[in-house]
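Proteins come first, then strands; the chains are lettered A, B, ... in the order of their sequence lines, and each starts at number 1.
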There are 4 protein chains.
Amino acid sequence: MEQEVESKRRGPERSEKARIAILTAVAERLLASGYDSLTMEGIAADAGVGKQTIYRWWKTKGDLVADSLVEGFLIPDVFSPKNTGDIRADLTNWLKTIAKFLKTDTNSELLRSLVIASVNNPEVGENMYNRLGVIAMFNERFRAAIASGELPADTQVMEIGDALFGSIVLRVLRHGKIDETFITQIVNLLLPK
Amino acid sequence: MEQEVESKRRGPERSEKARIAILTAVAERLLASGYDSLTMEGIAADAGVGKQTIYRWWKTKGDLVADSLVEGFLIPDVFSPKNTGDIRADLTNWLKTIAKFLKTDTNSELLRSLVIASVNNPEVGENMYNRLGVIAMFNERFRAAIASGELPADTQVMEIGDALFGSIVLRVLRHGKIDETFITQIVNLLLPK
Amino acid sequence: MEQEVESKRRGPERSEKARIAILTAVAERLLASGYDSLTMEGIAADAGVGKQTIYRWWKTKGDLVADSLVEGFLIPDVFSPKNTGDIRADLTNWLKTIAKFLKTDTNSELLRSLVIASVNNPEVGENMYNRLGVIAMFNERFRAAIASGELPADTQVMEIGDALFGSIVLRVLRHGKIDETFITQIVNLLLPK
Amino acid sequence: MEQEVESKRRGPERSEKARIAILTAVAERLLASGYDSLTMEGIAADAGVGKQTIYRWWKTKGDLVADSLVEGFLIPDVFSPKNTGDIRADLTNWLKTIAKFLKTDTNSELLRSLVIASVNNPEVGENMYNRLGVIAMFNERFRAAIASGELPADTQVMEIGDALFGSIVLRVLRHGKIDETFITQIVNLLLPK
DNA sequence: CGGTAACCGAGACGGTACGTCTCGTCTTGGG
DNA sequence: CCCAAGACGAGACGTACCGTCTCGGTTACCG
């Protein structure tokens, strides 16, 4: 991950242009041809940057992916669940957004790449949760539903979250579809009326 | 994957000794230091085999892992669920076996390696299900429970399976524990009394 | 070189068809793309022959080339010098035949290949002398000229031969021309009127 | 006013240490065991260098040999012919130096290796001429002899050179001796009194 | 205002591994 | 015992990247 800012130093400041170029190159490569083709030399070439500029600010490939993810180069900002007061409806709608996103080969391949990256760097996994709104859905929306009495206080929130997102990951790993039937079934299973 | 047997050809037959040596080497490397250190040259050296002998019979690294998995070099034969007539007890016991297996760093690292391998080769994923008894648990034990009336006929068997195994995979990816608490909670969630 | 025939042995006799196919394949490869592309596997494939059949009868690549040369697959039978009673005229005519032969890229490349082969197998060099008529020219035609009194008895026959053929080899090695001027000059130099 | 046309390159300069190590390794391998054992991997290993560093600067094995030759790693600097005013004596002495050099198996094997290398790279042949003093002998010493009237103006200098050096090459190819008798005879033949 | 420390691009370096090719030997089954 | 086929252990080929190091050039603070 990126280093912290020091108090005062000499010399030029970090080039924002280079930083953006690098994270953009990471995203383009990842989306275009998957994790295997994500080479440091390729990124440097695409970004028009020296390799040292990459290694100066990121230690590993996983850090690069994590950062590119955090900064929104990989997954759009559309996965914040709404709160209409109906937890089942909100969950279903959120799942539909995810299903739509994963419908393209590019995006499901991206998710597979992120799974690989998260093996080498746990931060990738965490950020993936964030970008896809998993945290927002379960840590916030579900907690709110409990607070409002819509759900019982002993609801196993994180277990439901893992079961739900785990189902999705498994399906994507085996190139399966995330369709309406699946959404209905999984919601019924994990959030019975 | 391995080629099919032809009708009749001339020349020496495939060396079983080499085949075993290769699959053993794959398993040893995978268990010892993960997917990243699984190099074709290393496998060949460990197995005392020419590289061409590997490429003659397997096209990709994923094929090697899939075969090593299928032939039982990676995961032991201990995950067949029992049928005591009590589906909750049988599921819980099966989960405990898996939890015990994944308790060691070696084995949880192995599962992470298999997840990576399954991205490049879907067969790895399928065979992982088989070896860990996921198929046996859900396609057989659950079906039997439905047949015996222990479970309702409309039980979403595969959805439960994915949710359960997906939870485990997610937990292992983020180096989390699979403990008794988790087992109790997930069973309660997915198989309510 | 090929093995000697034993007195009596069991089993089928050596396949003449295979022998010819192999020597033909050697010649074709050598003429088509030079010594570097002369691989044992390529020869076997071209000849429709098992590799062992080659190794059974020839020990080295050089032996193959030597045999292909001896049997006339590489250099045609047109280099026997005539004896018109005029040694200068006969030598000049013989040189013109050689010059014509070496005019094509294929043949000059062949000679370069034979030079390489002769480094690994001296027999190739000797047979090259034979096929190009060097032996016939100097060991026979020159001796005859001495016997008939056309040349002095102390003529350094083999030295002249080496000087002449050496000039040609050097020129071919450096891709130089063997033209009429060269022939006139070298004859004047080595066989002064 | 002169313009600074050369745009200075950025980045590290070529490593002279690596360059010398590589050419030395080429020479050692060539002298120790001939052209066949001259492998790129072996050179890289001997020189303590990555293979890419070789391929970065030399395209072929022949280029390596040519460079090693040019830089004097293969043939010593002792073949400049003298000018005593007696061309026959100078030629004879030069030939004796060469004969002495070629007396060892190592050096005659080296010459055979250089002949092979020159087939793939004409520069090797040219540089061999230079290092052995052939150019100096014929293009300079002979021209001087003509200028001083010691030799007739129409002397076929290069033809004599080729005939002489060709004789030597042929003899070395067939593992023959370059002895005093040979030298006397060839000088008498090509430079009659 | 000159020194100097950290930035940048480029890219050479010693390495590892890739997947392919060929070597020479060995092993089948058929003639 | 010959033959075609071809598997085998071995190892070189030339390429792609790795992560480190070294250039010359460019800021931007600091004394």
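The side chain of C:Thr53 places an N or O atom within less than 4.0 Å of a non-bridging phosphate oxygen (OP1 or OP2) of F:dA4.
Summarising the geometry, the separation between CH2 on B:Trp58 and P on E:dC18 is reported as 15 Å, rounded to the nearest angstrom. Remark: P of E:dG14 and NZ of D:Lys17 are 8 Å apart, rounded to the nearest angstrom. With rounding to whole Å, D:Arg19 atom CZ is found 14 Å from E:dG14 atom P. If you take CD1 of D:Ile20 and P of E:dC13, they are 13 Å apart, rounded to a whole angstrom. Between the C1' atom of E:dC18 and the CG atom of B:Leu38 lies a distance of 13 Å, rounded to the nearest Å. Counting to the nearest Å, the P atom of E:dA10 and the CD1 atom of A:Ile22 are 12 Å from each other. Here the C1' atom of nucleotide E:dG11 and the CD1 atom of A:Ile54 are 14 Å apart, to the nearest Å. The NZ atom of D:Lys59 sits 15 Å away from the C1' atom of F:dT15 (whole-angstrom rounding).
Each salt bridge (Lys or Arg N to Asp or Glu O under 4.0 Å) pair with one or both residues in residues 21-32 of chain A, not counting sequence neighbours, appears once here: A:Arg29-A:Asp46. Applying the salt bridge (Lys or Arg N to Asp or Glu O under 4.0 Å) definition to pairs two or more places apart or across chains, those involving residues 107-118 of chain B are B:Glu109-B:Arg112.
For C:Lys51, the side-chain hydrogen bond (donor to acceptor under 3.5 Å, both in side chains) partners two or more places apart in sequence, or in a different chain, are C:Glu41. Judged as a salt bridge (Lys or Arg N to Asp or Glu O under 4.0 Å), and not counting sequence neighbours, B:Glu13 has no contacts. Remark: D:Ile116 pairs with C:Ile116, C:Val119, D:Tyr35 by the side-chain contact (heavy atoms from CB on, under 4.5 Å) rule, at least two apart or across chains. Residues meeting the side-chain hydrogen bond (donor to acceptor under 3.5 Å, both in side chains) test with D:Ser37, sequence neighbours left out: D:Ser33. Under the side-chain contact (heavy atoms from CB on, under 4.5 Å) criterion, C:Ser68 pairs with C:Leu23, C:Val26, C:Ala27, C:Phe73, C:Leu74, not counting sequence neighbours. Legend: residues meeting side-chain hydrogen bond (donor to acceptor under 3.5 Å, both in side chains) with D:Thr39, ordered by chain and number and at least two apart, are absent. Not counting sequence neighbours, D:Glu126 has no partner by the side-chain hydrogen bond (donor to acceptor under 3.5 Å, both in side chains) test.
Nearer to the 5' terminus of DNA chain F, by closest-nucleotide assignment, is the contact made by B:Ala18 (compared with the other of B:Ala18 and A:Tyr55).
With hydrogens and angles ignored, the 3.5 Å screen pairs no side-chain donor or acceptor of A:Thr53 with any backbone N or O of A:Val49.
Here A:Lys61 lies in heavy-atom contact (under 4.0 Å) with sugar-phosphate atoms only.
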Pairwise N/O distances under 3.5 Å, protein to nucleotides 4-6 of chain E:
{"unit_1": "E:dA6", "atom_1": "O4'", "unit_2": "A:Arg10", "atom_2": "O", "d": "3.2"}

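Within residues 40-52 of chain A, the residues that place at least one heavy atom under 4.0 Å from DNA chain F are, in residue-number order, A:Met40, A:Glu41, A:Lys51, A:Gln52.
At its two ends the helix from E:dC1-F:dG31 to E:dG31-F:dC1 runs along axes set 20° apart, each axis drawn from five pairs and the angle rounded to 10°.
Distance check, rounded to the nearest 0.5 Å: CG of D:Asp67 to CG of D:Asn127 gives 8.5 Å.
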